[in-house]
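Worksheet: one structure, shown below.
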Amino acid sequence: MAVPASMTTADLSGRYVLNSTLSDSTDGILTLQGVPWYTRKIIRYATITLDVKQYTGKPADPTNPKESDRQGDDFEHIDTDQTLTGGIKGTSENRTFSGLPRDHEDHLFGAVVGLSKRITGPLSDSNSPVAKYEFLQKGWTKDTLENPKGVIYTQAVSNTEISGKVWTAEQVWGLEEFNGEKRFTKHVYFFTPEETVTAKMVYDYQGPTPV
């Protein structure tokens with residue numbers, strides 16, 4: 001199902017289900033991340049649902065009893081809760097678009113260091129973190145590329161000291177047209193010292209994020 005015509009990457013909040021027909025297989029990526037075969041098999045046939053909440057942080061409030069609210073922040077945030085059928089535990093990712101690295105522990109992928117930010121300017125520009133990756137640059141709707149805030153970019157790197165694994169996953173999120181319908185899509189560029197895998201993850205919009 002297409003996203004609402006008015007939706008842009010300024011606010012991708014909503015519930016989505018992964019469209020397995022339009023999406024590429026992520027089995028190669030999961031293999032390189034060390035996910036066991038039986039878990040990958042369940043994921044392959046599971047219904048994967050994302051609940052996405054996109055918002056800007058609260059301003060500082062020195063009188064608030066909660067320390068995090070006293071400090072506040074004015075960063076963009078995207079919180080994602082992922083659920084799967086088939087008995088696999090879902091994951092939650094709370095991304096802060098500060099451009100600063102943040103440690104994260106994932107029950108599927110282990111210890112990772114994540115980074116999220118907006119890319120302003122052409123994706124092919126020499127200063128762009130995705131300048132070398134045409135796969136991450138192409139296919140996006142005009143409004144995705146021309147959003148005043150920039151393009152959504154995320155990076156996750158294995159915390160090798162803890163996990164013993166060596167991999168990097170770079171992603172661009174946005175809107176892309178398939179069969180004349182605009183859909184929320186992630187382009188994933190995944191690499192290890194030995195191998196590189198790319199994949200598109202295309203989602204069906206289901207409606208607003210449940211309260």
Side-chain angles (χ1 to χ4, degrees), residues 7-14 16 29 33 50-61 66-82 91-106 108-163 165-176 184-192 196 198-201 203 209:
M7 179 177 280
T8 71
T9 56
D11 189 359
L12 293 168
S13 298
Y16 303 87
I29 293 175
Q33 287 176 309
L50 298 185
D51 287 322
V52 178
K53 180 182 178 183
Q54 187 169 348
Y55 60 96
T56 301
K58 298 178 181 178
D61 179 3
K66 189 176 178 182
E67 182 179 357
S68 60
D69 288 339
R70 287 201 302 271
Q71 295 176 348
D73 75 65
D74 58 358
F75 295 119
E76 182 178 23
H77 296 256
I78 299 181
D79 297 346
T80 304
D81 291 325
Q82 177 176 275
T91 59
S92 294
E93 296 178 341
N94 298 330
R95 301 179 185 273
T96 301
F97 283 73
S98 63
L100 300 174
R102 298 165 63 92
D103 291 324
H104 175 69
E105 182 71 32
D106 190 286
L108 276 179
F109 314 129
V112 302
V113 180
L115 177 152
S116 302
K117 66 179 184 178
R118 291 276 189 168
I119 303 174
T120 56
L123 296 182
S124 58
D125 187 87
S126 59
N127 294 321
S128 166
V130 302
K132 298 183 294 183
Y133 312 134
E134 186 174 340
F135 177 76
L136 297 179
Q137 302 170 21
K138 304 295 185 180
W140 303 111
T141 58
K142 184 178 179 181
D143 58 353
T144 295
L145 296 173
E146 296 182 354
N147 187 293
K149 289 184 177 180
V151 173
I152 295 173
Y153 167 79
T154 75
Q155 180 192 77
V157 180
S158 58
N159 190 330
T160 305
E161 185 176 341
I162 297 175
S163 68
K165 302 180 179 68
V166 181
W167 56 261
T168 299
E170 300 194 44
Q171 300 184 32
V172 172
W173 298 6
L175 300 172
E176 188 169 0
F184 173 43
T185 307
K186 299 178 182 181
H187 289 201
V188 184
Y189 190 97
F190 182 93
F191 55 96
T192 69
T196 297
T198 61
K200 286 186 183 184
M201 303 174 70
Y203 295 88
T209 309

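Here the structure is a predicted model, which is why all the values come from computation and not from measurement.
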Quiz item: Crowded around Glu105 CD? As in, over 12 foreign heavy atoms under 6.0 Å?
Solution: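 Count over threshold, so yes.
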Quiz prompt | Glu176 and Lys200 ion-paired at < 4.0 Å | solution =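 Result for this pair is yes, salt bridge flagged.
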Over all heavy atoms of both residues, which pair between [X] and [Y] is shortest? Give the atoms and the distance, please.
X: Asp79; Y: Arg95; result: OD1-N, 4.1 Å
X: Val151; Y: Trp173; result: CG1-O, 4.4 Å
X: Ser163; Y: Ser158; result: OG-CB, 4.1 Å
X: Val157; Y: Gln155; result: CG2-OE1, 3.7 Å

Strictly distance-based, threshold 3.5 Å: is any side-chain N or O of [X] a donor or acceptor partner for the main-chain N or O of [Y]?
X: Gln137; Y: Ala131; result: yes
X: Thr209; Y: Val52; result: yes
X: Ser13; Y: Lys53; result: no
X: Thr96; Y: Ser98; result: no
X: Thr160; Y: Lys165; result: yes
X: Gln54; Y: Leu12; result: yes
X: Ser116; Y: Phe97; result: no
X: Thr192; Y: Val166; result: no
X: Thr9; Y: Gly174; result: no

Quiz item: When you look at Glu170 and Tyr153, which way does the side chain to side chain donor-acceptor pair (under 3.5 Å) test go after all the steps?
Solution: CA-CA 7 Å; Glu170 300 194 44; Tyr153 167 79; 2.6 Å; yes
Exercise. Let me see the working for Val130 and Val172 under side chain to side chain contact (heavy atoms under 4.5 Å, CB included), right down to the final yes or no.
Key: CA-CA 9 Å; Val130 302; Val172 172; 4.2 Å; yes
Self-check item: Tyr189/Tyr133 under ring pair (Phe, Tyr, Trp, His ring centres under 6.0 Å): CA gap, chis, key distance, verdict
Solution: CA-CA 8 Å; Tyr189 190 97; Tyr133 312 134; 4.1 Å; yes
Quiz item: How are the rings of His77 and Tyr55 set to each other: parallel, tilted or perpendicular (split at 30° and 60°)?
Solution: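 Parallel: the ring planes of His77 and Tyr55 meet at under 30°.
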Quiz item: For the residue pair Tyr16 and Phe184, does the interplanar ring angle fall in the parallel (under 30°), tilted (30 to 60°) or perpendicular (over 60°) class?
Solution: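 Aromatic pair Tyr16/Phe184 classed tilted.
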Exercise. Check the pair Thr185, Tyr203 against side chain to side chain contact (heavy atoms under 4.5 Å, CB included), reporting the backbone distance first and the verdict last.
Key: CA-CA 6 Å; Thr185 307; Tyr203 295 88; over 6 Å; no
Quiz prompt | Step-by-step side chain to side chain contact (heavy atoms under 4.5 Å, CB included) determination, Leu123 to Leu145 | solution = CA-CA 8 Å; Leu123 296 182; Leu145 296 173; 4.0 Å; yes
Quiz item: Can you find a heavy atom in the side chain of Val112 that is under 4.5 Å from one in the side chain of Asn159?
Solution: no
Self-check item: Option among Asp81, Asp106, Thr80 that satisfies the side chain to side chain donor-acceptor pair (under 3.5 Å) test with Ser92
Solution: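 Result: among Asp81, Asp106, Thr80, Asp81 is the only option passing the side chain to side chain donor-acceptor pair (under 3.5 Å) with Ser92.
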Exercise. Please assess Trp167 against Phe190 for the test ring pair (Phe, Tyr, Trp, His ring centres under 6.0 Å), listing each intermediate value before the final yes or no.
Key: CA-CA 7 Å; Trp167 56 261; Phe190 182 93; 5.5 Å; yes
Exercise. Evaluate the side chain to side chain contact (heavy atoms under 4.5 Å, CB included) criterion for residues Glu76 and Arg118: first the C-alpha distance (whole Å), next the side-chain angles of each, then the deciding distance (0.1 Å), finally the verdict.
Key: CA-CA 9 Å; Glu76 182 178 23; Arg118 291 276 189 168; 2.7 Å; yes
